[in-house]
Amino acid sequence: MPSFSPGAIAFAAGFIALVFLLGAVFSGDPADSPRRRWMLLFAVALVPGLALALGFGMSLEYMKRPQFCGSCHVMLPFANDLRDPESGTLAAVHYQNRYILEHQCYTCHTDYGLFGPMRAKLAGVRHLVNYTIGNYTEPIRIREPFRNANCLHCHGEAKVFRTAHTDNLAELQSGDMSCLDCHRPAHPEERAAR
Amino acid sequence: MKGEGLLRASALAIAAALLLMLVCAVWPRPPQLGLFLGLGLPLAAAGIAGFFLYVLRDLRKRRAL
């Protein structure tokens, strides 16, 4: 079965919905006919609603890709650092060693738990809107301190991690000590204020 | 039919949202996605709300007949 990109699926759905919508609303059918009422329900509410939901899903899917993060100029230094063979930042080490296979930015910057992905997606939408209307100052700053839980989600149960962190495991788990206190910088520091 | 203006305005708002979505699908870049999510989706929500208002008005009018 051929695989289609999210963009292609959203484009096809959006195009069909748009043609259907304009056709139904501006058709010459008598306004009171039952056929037109059913058409309107589908063409104005149901089909566009479904298409827009697909478009929303497509947007969220694109927003998870590191290429997308790097396409904002404020993020370019961070995206370039990921691929810089000379870089020793945490992000570059994780990216270049393929510790995270895909959605690398999203994976580390998403809180885990029931509402973590939803919060991350809402934050992404807020970033996009602020970027589009120019509501930001440089250098950009992380909104709140990076949570150890995001590191521990992958590393927390690893034998090598637990062996190396026996002395401070409790502090790391409680958040009294940050992973970044020892393992820094996460990103090029001249661009990112912690 | 009286009240068609609301229907057309709703349809145009939803059509604008769909157009922004098509642009996003072709050029999925931050400004386009920002416009779609920040302007297109609220427009669509307003359009769908307008459509339901149109339906309610229509139902009320039929009941009055």
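Remember, it's a predicted structure, so these values are computed and weren't measured experimentally. The chains referred to below are lettered A, B, ... by the order of the sequence lines, with proteins before strands, and numbering in each begins at 1.
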In terms of heavy-atom contacts, B/Arg8 and A/Phe26 come closest through CD-CE2, 3.6 Å
Say whether B/Leu22 and B/Phe36 are linked into one hydrophobic cluster, either directly or through other cluster members, by side-chain heavy-atom distances under 4.5 angstrom.
yes
Where is the tightest heavy-atom contact between B/Cys24 and A/Met58, given as atom of each residue plus distance?
CB-CE, 3.8 Å
Which residue pairs pass the salt bridge (Lys or Arg N to Asp or Glu O under 4.0 Å) test with at least one member in residues 104-116 of chain A, sequence neighbours excluded?
A/Asp111-A/Arg119, A/Asp111-A/Arg147
Give the cluster check for A/Leu41 versus B/Leu12: same hydrophobic cluster or not, with ILVMFWY residues linked at side-chain heavy-atom distances below 4.5 Å.
yes
With only heavy atoms counted, which part of A/Phe11 is less than 4.5 Å from chain B, the side chain, the backbone, both or neither?
both
Quick one: closest heavy-atom pair of A/Val129 and B/Gly38, and the distance?
CG2-CA, 3.9 Å
Are B/Val26 and B/Leu20 joined in one hydrophobic group, where the rule is that I, L, V, M, F, W and Y side chains link up if heavy atoms are under 4.5 Å apart?
yes
Considering residues, nucleotides and ligands other than A/Phe161, do more than 12 of their heavy atoms fall under 6.0 Å from its CZ?
yes
Assert top hit (heavy-atom pairs under 4.5 Å, partner chain B, pool A/Ser59, A/Ala43, A/Pro6) equals A/Ser59
Here the gap from B/Leu37 atom CG to A/Lys121 atom NZ, rounded to the nearest 0.5 Å, amounts to 12.5 Å
Checking heavy-atom separations under 4.5 Å from chain A, one finds in residues 39-48 of chain B B/Leu41, B/Ala44, B/Ile48
Does a side-chain heavy-atom distance below 4.5 Å link B/Tyr54 with A/Leu40?
yes
Indicate, with yes or no, if B/Leu56 and A/Trp38 share a hydrophobic cluster defined by side-chain heavy-atom contacts under 4.5 Å among Ile, Leu, Val, Met, Phe, Trp and Tyr.
no
Residues in residues 85-100 of chain A near chain B [non-hydrogen atoms, under 4.5 Å]:
none
Proximity of residues 13-24 of chain A to chain B, residues having a non-hydrogen atom under 4.5 angstrom
A/Gly14, A/Phe15, A/Ala17, A/Leu18, A/Leu21, A/Leu22
Among the listed options A/Val125, A/Leu52, A/Val25, the residue most often paired with chain B at heavy-atom distances under 4.5 Å:
A/Leu52
To the nearest 0.5 angstrom, please state how far the CD atom of B/Gln32 sits from the CG atom of A/Leu128.
10.5 Å
Considering only heavy atoms, which portion of A/Leu54 lies under 4.5 Å from any heavy atom of chain B: side chain, backbone, both, or neither?
neither
Write down the atom of A/Thr132, the atom of B/Pro30, and the distance for their closest heavy-atom approach.
OG1-O, 3.7 Å
Around atom CZ of A/Arg83, are there more than 12 heavy atoms of other residues, nucleotides or ligands at under 6.0 Å?
yes
Contact origin within A/Phe56 toward chain B - heavy atom pairs under 4.5 Å:
both
Turns out that what part of A/Tyr62 lies under 4.5 Å from chain B's heavy atoms comes down to side chain
Given side-chain contact (heavy atoms from CB on, under 4.5 Å), test A/Val44 with B/Phe52 step by step and report yes or no.
CA-CA 10 Å; A/Val44 181; B/Phe52 280 107; over 6 Å; no
Connected via hydrophobic side-chain network under 4.5 Å: A/Val74 and A/Leu76
no
